[in-house]
There are 2 protein chains.
Amino acid sequence: MSHAAPDARGLLGPPPSVAFIVSRLGFEVSQALADGIEPLGIDPQHFGLLRALLVMEGQSQKAVGTSLGIPPNRMVALVDDLESRGAVKRTKHPDDRRAYALSLTPKGRKLFERALEVVISVETRLCGSISKDDRSRLLELLSRLTSFSGAPDGVHPGLTSQP
Amino acid sequence: MSHAAPDARGLLGPPPSVAFIVSRLGFEVSQALADGIEPLGIDPQHFGLLRALLVMEGQSQKAVGTSLGIPPNRMVALVDDLESRGAVKRTKHPDDRRAYALSLTPKGRKLFERALEVVISVETRLCGSISKDDRSRLLELLSRLTSFSGAPDGVHPGLTSQP
DNA sequence: TATTGTTATACTCTATAACTATA
DNA sequence: TATAGTTATAGAGTATAACAATA
């Protein structure tokens, strides 16, 4: 049935809340983002790692992992994936022979840029129904909302797991 | 190290996008909501079911499930949980002896109201840093964003799974 | 003795598909 | 034969904990 519960909408239930809308919209956007980069052969976690490596060039797996909130065992698989497709490189760490120094290859940078284009296309689709000014206003309002996690600015806690 | 990557914030990376902020904030809010109702002994899926039953009193598991996008096998566990704690009731469906008619008990309504209080408290915390007028503006802007899923108005696709 | 990266095991969640009783 | 509800099995994803090499 395409209209199983025609009365289930908007009548009862909670009054419209920012929390519910953001929660729902956030899920949909995450899904769209994941679907969009999937053809590139990566998932959101890979994207987050590429993004971090852009500014953490040469740091160890451990350092990058803790900064992203990703535990060691998962870092292994993540870096394995990206290394096997030539996007990142493990080289010996100059100061600590136990550790690897992670770095992006040119191929990795291109991969990140293609993923960024996906983000932009999702943004365009998402905000296509409001004016440029309204988008700015929205951005400004959203940035003033109290963040729940203490995660640093560019980090998406959904891409980690740590409590 | 508590400041492993002090430069990873805001310098490089994508320009601020509604998509990224909404995705991140949505995750945090969902987490806060889940954490908030956990002491009540339910999770977001249970909450969604209670919310649906408020307006689908007497309908079958199948009907409620399809309206929420929840497959039959999971409906069983969900309804089992809520029934065992006396929040919903399975009675024989008058028209179809294969089916059950689901209904909320008074205890179920109280449970839903307590969960609603949690939603309100999260809303208050989330929007505590902006004025009442700004919150209205924000709500209005958010509601004008293009939704990705075709899900009906009150349905949160993160609480289902159906593609 | 502590730490980096790694591997192995266990657990949770979900999807798939069989099964029963009715229609 | 098709459908409502149920149950069983298997798969993906994750966390826990043990491991080897180095500090």
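Order of the sequence lines sets the chain letters (A, B, ...), proteins ahead of strands, with each chain counted from 1.
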Grab the [atom1]-[atom2] distance between [X] and [N] for me, whole Å please.
X	N	atom1	atom2	result
A:Arg74	D:dG13	CZ	P	11 Å
B:Leu102	D:dA4	CG	P	13 Å
B:Asp95	D:dT3	CG	C1'	15 Å
B:His93	D:dT3	NE2	C1'	13 Å
A:Leu78	D:dT14	CG	C1'	13 Å

Inset, instruction - Report yes or no: is the cationic atom of A:Arg114 (NZ for Lys, CZ for Arg) under 6.0 Å from the centre of the six-membered ring of A:Phe47, at an angle within 45° of the ring normal? - result: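 Checked: cation-pi criterion not met.
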Inset, instruction - Test the A:Arg24-B:Phe27 pair against the cation-pi criterion, namely NZ or CZ under 6.0 angstrom from the six-membered ring centroid and within 45° of the ring axis. - result: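 No, A:Arg24 does not sit over the ring of B:Phe27.
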Inset, instruction - Give a yes or no on whether a salt bridge exists between A:Glu83 and A:Lys89, defined as a side-chain N under 4.0 angstrom from a carboxylate O. - result: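 A salt bridge is absent here (no side-chain N lies under 4.0 Å from a carboxylate O).
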Inset, instruction - Considering only NZ, NE, NH1 and NH2 on the basic side and carboxylate oxygens on the acidic side, decide whether A:Glu113 and A:Arg109 come within less than 4.0 Å. - result: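 No.
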Report each atom pair, protein N/O against N/O of nucleotides 4-7 of chain C, whose distance is under 3.5 angstrom.
unit_1	atom_1	unit_2	atom_2	d
C:dG5	OP1	A:Gln61	N	3.1
C:dG5	OP1	A:Tyr100	N	3.1
C:dG5	OP2	A:Lys62	N	2.5
C:dT6	OP1	A:Arg90	NH1	3.4
C:dT6	OP2	A:Gln61	OE1	3.0
C:dT6	OP2	A:Gln61	NE2	3.3
C:dT6	OP2	A:Arg90	NH1	2.8

Legend entry - B:Asp96-B:His93 side chain donor-acceptor pair, cut-off 3.5 Å: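 No, because no side-chain N or O of B:Asp96 sits under 3.5 Å from a partner of the opposite role on B:His93.
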Inset, instruction - Look at B:Arg97 and D:dA4 and indicate whether a side-chain polar atom (N or O) is within less than 4.0 Å of OP1 or OP2. - result: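 Result: no.
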Legend entry - Contact check, side chains of A:Arg85 and A:Lys107, non-hydrogen atoms, under 4.5 Å: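 Side chain of A:Arg85 against side chain of A:Lys107, heavy atoms only: no contact under 4.5 Å found.
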